[in-house]
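Every chain is numbered from 1 and lettered A, B, ... according to where its sequence line falls, protein lines coming before strand lines. Just so it is clear, the structure is predicted and the values come from calculations on it, not from any experiment. The basis for the numbers below is simple: all heavy atoms, side chains too, and nothing from hydrogens, waters or symmetry mates.
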Amino acid sequence: MAKRPARGGNAGFSQPARALGYNRTSHFRQRVVKETLALDENIYQLRLEKLKQIEALGQPAYPTKFDFTHTLPQIWAEYDKPAEAMENPRVEVRVAGRIMAIRLMGKAGFAHLQQNGKQLQIYVKKDAVGEKGFELYKLLDLGDHVGVKGYLFRTRTGELSVHVEELTFLSKDLLPLPEKWHGLTDVELRYRQRYVDLFMNPEVREVFIQRSKLVQSLRRSLDARGFIEVETPMMQPIAGGAVARPFVTHHNTLDMDLFLRIAPELYLKRLVVGGLDRVYEINRNFRNEGISTRHNPEFTMLEFYQAYTDYRGVMDLTQQLIAQAAQDVTGGTVTKWGDSEIDWAEANWRRMTMREAIIHYWPETSGTKPALSDFASHDSVKSLVQRFNAGHAHVAYDPKEPAGKTIANLFEAAAESHLQQPTIIYEYPTAVSPLSKQKADEPDWTERWEIYAGQMEISNGFSELNDPVDQRRRFEGQLAERERGDDEAHQMDEDYIRALSYSMPPAGGVGIGIDRLCMLFTDSHTIRDVILFPLMRPEKTQEEPTEEK
RNA sequence: GGGCGCGUAGCUCAAUUGGCAGAGCAACUGACUCUUAAUCAGUAGGUUGAAGGUUCGAUUCCUUCCGCGCUCACCA
C-alpha cells in the first residue's frame, strides 16, 4: 500500500507543537480546565480562600499521607454489629475518605465519608474535636478528602458511625459536585469526566471491578494451563492478522509510516514458530472504523495460541475459559441481559455449523429452507440470496465477490440476531478466513469457529494455517480482493511467510473480545460503559472555535 | 456517512400551540450539639450550545454549524 500522508489526530504532533516541547493533549487539557474554572470561578475562588483558612488553622493544604487502621469496607465487614459490641472497650479507628454528604447543626454535625465504594458516617462534635477542629469542620465542602480518628458507635437511629476525636484535612475539592440526589446522569459528562462518574455512581465502579475480575480470571485459567503471557508490537509496518482499516502513524527518526495494530495474530504465531508452544496476549487493537454501541476504535482482545491442537481443541478450551470467567465475575452461571438471561453453564452451549445455522434460522417468509448442496456453487448461492431477499431484509450482493463471502453475509443476516445463548458457529468459508486451515474434505471451508452470545460475536478461533505455500496463495487472493476495491483485504506479509517456512507446528488459535464479554457479564448495552475513557470528540473551546467547512 | 431526537444556572429539570427565564439540590449569610434528600430564614447565580433569519417581540418558528444520544450502514 502506498504511503499515506499522516492525517489529523492519527498523526504525530505537528512541528510547532513539538518545537514548543509539549504534547497536544496536555496543552488542550490546560485550556479546558481554564474554561471550567471560568464557569465556576466564584465557587473555585471561594474554596481556595477556605483552603487558606484551613492552612491558617495549622493544617497543611495538601498533606502527604494519612495512616489509617481500616478501609471503610473493612469497617463494615468487621463492625456491622450491635452497639454493645463496640463499648467497653471502645473501638478506636482511623479512617479516611471523600465527603459525600455533610450536615452542620450549630456546634455539631454529621458527614458521610466514601472510600472504595463504601460510605461511613462520622459525627463531629465541638466538645470532642475542640475549637480548632470544629473550625476546620465548618470549612469542609462536599468532595473534600479528610481523615478522622475516633471511636465507633451507633447513633440514636442505629447507624454505624465514627465519633470523631481528631479531624485531619487531606485535600480540597475546588469544583462543585453533581446534584446529590440525581447524581451525574448526562452520558456525555459521564464519559468525559469519568473520574466524577466513578465516585458519584457506585454501579459504574462495580462494572470496572468486574472487568478487572474478568481479565484476572482469563489470565489465571491460561496460566494454569501452561500458557505464557507476551507482548508483541502495537506499531506494525504491516497491519495484519485481521480484516480492518488501520490507523496510520509516523516514526520521525526512521521516517517511516507505521500502523497501529489491528490484531497481534501474526506476531503471536511467529512466537509459536519460535517454540513458545502456548502463548497469549491481552492488549489493545485499533481499528479505524465506525463507532457504535458495540465498537470503539481501540478495544481489548485476548489472543492465545496452542501448539499441537486444532480448532476443536481450542473450541473446548475457550468454552471452559468463558464459563469459568462468568463464574469468577458474577459468582454464578446465569447473567442478566436486558429483559432476559444468558446461561453460561457449559451444558447450555450449542454448536452448529454456519451452513446449519443458515438453514435453521432461514426465515419462513423466504420460503423453503436451503439444502446443504445450495452452498456448493456460485450460482446456487446467488439464488439463495435472491430467495432470502425476496422475503426478508436486504443482503447486499456483489456477483463479483467470492461465494464464501456472500454465504458469510447471509449467515449474519439470517442467524446472528437469534444467537442469544452461547453458541459456537463452526466451519467458515475459506474466502473470509485467509489465515485458517481448510477442511481436509472441503477446501472451500475452513476449520474455524466463532462464539456468539447476546446477539454479538465475542470470540473467533481456528486451526492455524501453517503451510507457507498455501498462505502465500491466500495472501495473493486477498491482494486480488484489494484490487477489486476491498481496501480491508489482507496485505502480503513476506516475513510471516518466511516464519512459516521454518515450520510452525499444527496449532489452534483464538481471539476473545474482552470489552464485549464484559458487556455481556455486566448487562451493559453499550461498549462505552465498559471502557473507562471511550473515544470522544474533543471538547469545544472558545479560544479555538471549531472551523466551519 | 444516512435517518430520528436532544442541548435552558455547577447538577437534575420546568417554562401554557411566540409575550417579564423558573424550581430543587449545590453555593453564600444567619439560627440550630444524634442528623441522614436534616430543618428554618435570607442572598447570589443565565449571551437558553453557536451564528444568522422571520417577528413589535424568539428558550419556543426557519436555516446553517457544533456537541451528544438512539438507529442503519461498515466492522469485532
**Message:** Taking the P atom in each of G46(B) and G57(B), what is the distance between them to the nearest angstrom?
**Reply:** 26 Å

**Asked** What residues, two or more places apart in sequence or in another chain, satisfy side chain to side chain donor-acceptor pair (under 3.5 Å) together with Gln478(A)?
**Response** none

**Asked** Can you tell me if Arg98(A) uses its side chain to pair, donor with acceptor, with the backbone of Leu113(A) under 3.5 Å?
**Response** no

**Request:** Rounded to whole angstrom, note down the C1' distance from A58(B) over to A51(B).
**Result:** 15 Å

**Prompt:** Closer than 4.0 Å, any side-chain N/O of Lys107(A) to the OP1 or OP2 of A31(B)?
**Reply:** no

**Message:** For Glu135(A), give me all partners under salt bridge (Lys or Arg N to Asp or Glu O under 4.0 Å), at least two apart in sequence or on another chain.
**Reply:** Lys138(A)

**Request:** Under the salt bridge (Lys or Arg N to Asp or Glu O under 4.0 Å) rule, collect the residues that match up with Arg261(A), sequence neighbours excluded.
**Result:** Glu281(A)

**Asked** Any side-chain N or O of Arg192(A) less than 4.0 Å from the OP1 or OP2 oxygen of C68(B)?
**Response** yes

**Message:** Output the rounded distance in Å from CZ (Phe462(A)) to P (A76(B)).
**Reply:** 12 Å

**Asked** OP1 or OP2 of U12(B) less than 4.0 angstrom from a side-chain nitrogen or oxygen of Thr185(A), does that happen here?
**Response** yes

**Prompt:** Which residues pass the ring pair (Phe, Tyr, Trp, His ring centres under 6.0 Å) test with Tyr191(A), sequence neighbours left out?
**Reply:** none

**Asked** On a whole-Å scale, what distance lies between the P atoms belonging to A26(B) and C40(B)?
**Response** 12 Å

**Aromatic Phe299(A) / basic Arg284(A) pairing, under 6.0 angstrom, 45° off normal** = no

**Message:** Please report the distance, rounded to the nearest Å, between CG in Leu139(A) and C1' in C28(B).
**Reply:** 14 Å

**Asked** Taking only residues two or more places apart in sequence, or in another chain, which ones meet Glu447(A) in a salt bridge (Lys or Arg N to Asp or Glu O under 4.0 Å)?
**Response** none

**Prompt:** Among all residues two or more places apart in sequence or in another chain, which pass the salt bridge (Lys or Arg N to Asp or Glu O under 4.0 Å) test with Arg190(A)?
**Reply:** Asp197(A), Asp529(A)

**Separation of the P atoms in A23(B) and U43(B), to the nearest angstrom** = 11 Å

**Asked** What's the closest nucleotide to the Met536(A) side chain, out of C68(B), U33(B), A76(B)?
**Response** C68(B)

Listing time: all N or O pairs from protein to nucleotides 42-48 of chain B that are below 3.5 Å?
none

**Request:** Taking only the side-chain heavy atoms of Glu188(A) (C-beta and beyond), determine which of C68(B), A26(B), A27(B) contains the nearest atom.
**Result:** C68(B)

**Fill in**
To the nearest angstrom, the CZ-C1' distance between Phe153(A) and U35(B) comes to 10 Å

**Asked** Given U12(B), C70(B), C32(B), which nucleotide is nearest the side-chain atoms of Leu104(A)?
**Response** C32(B)

**Item:** Rounded distance in Å - CZ (Arg156(A)) to P (U35(B))
**Value:** 6 Å

**Message:** What verdict does the salt bridge (Lys or Arg N to Asp or Glu O under 4.0 Å) test give for Asp144(A) and Arg47(A), after you've listed the backbone C-alpha separation in whole Å, the side-chain angles of each residue and the deciding distance to 0.1 Å?
**Reply:** CA-CA 10 Å; Asp144(A) 290 358; Arg47(A) 293 197 176 180; 5.2 Å; no

**Prompt:** OP1, OP2 of G67(B) versus side-chain N and O of Arg537(A): anything below 4.0 Å?
**Reply:** yes

**Asked** Which of the following nucleotides, A27(B), C68(B), A76(B), is nearest to the side chain of Val187(A)?
**Response** C68(B)

**Prompt:** U35(B) base to Gln121(A) side chain: any donor-acceptor pair below 3.5 Å?
**Reply:** yes

Please write out each protein N/O paired with an N/O of nucleotides 23-25 of chain B under 3.5 Å, distance rounded to 0.1 Å.
residue, atom, partner, partner atom, Å
G24(B), N2, Glu179(A), OE2, 3.4

**Request:** Represent RNA chain B in dot-bracket notation, 5' to 3'. Only Watson-Crick or G-U wobble pairs with both distances under 3.5 Å count; pseudoknot-style crossings use [ ] and interstrand partners use |.
**Result:** (((((((..((((.....[..)))).(((((.......))))).....(((((..]....))))))))))))....

**Request:** Write down the distance between CG (Leu189(A)) and P (C6(B)), rounded to a whole number of angstrom.
**Result:** 19 Å

**Item:** Which residues share a side chain to side chain donor-acceptor pair (under 3.5 Å) with Tyr123(A), sequence neighbours left out
**Value:** none

**Atom-pair distance (CG on Leu184(A); P on A26(B)), nearest Å** = 17 Å

**Message:** Short of 4.0 Å, heavy atom to strand atom, which residues of residues 108-120 of chain A count as contacting RNA chain B?
**Reply:** Ala108(A), Phe110(A), His112(A)

**Item:** Among U12(B), U33(B), C68(B), the one nearest Asp186(A) by side-chain distance
**Value:** U12(B)

**Asked** What residues form a side-chain contact (heavy atoms from CB on, under 4.5 Å) with Arg90(A), not counting sequence neighbours?
**Response** Tyr151(A)

**Prompt:** Ion pair present between Arg294(A) and Asp515(A), side-chain N to carboxylate O less than 4.0 angstrom?
**Reply:** no

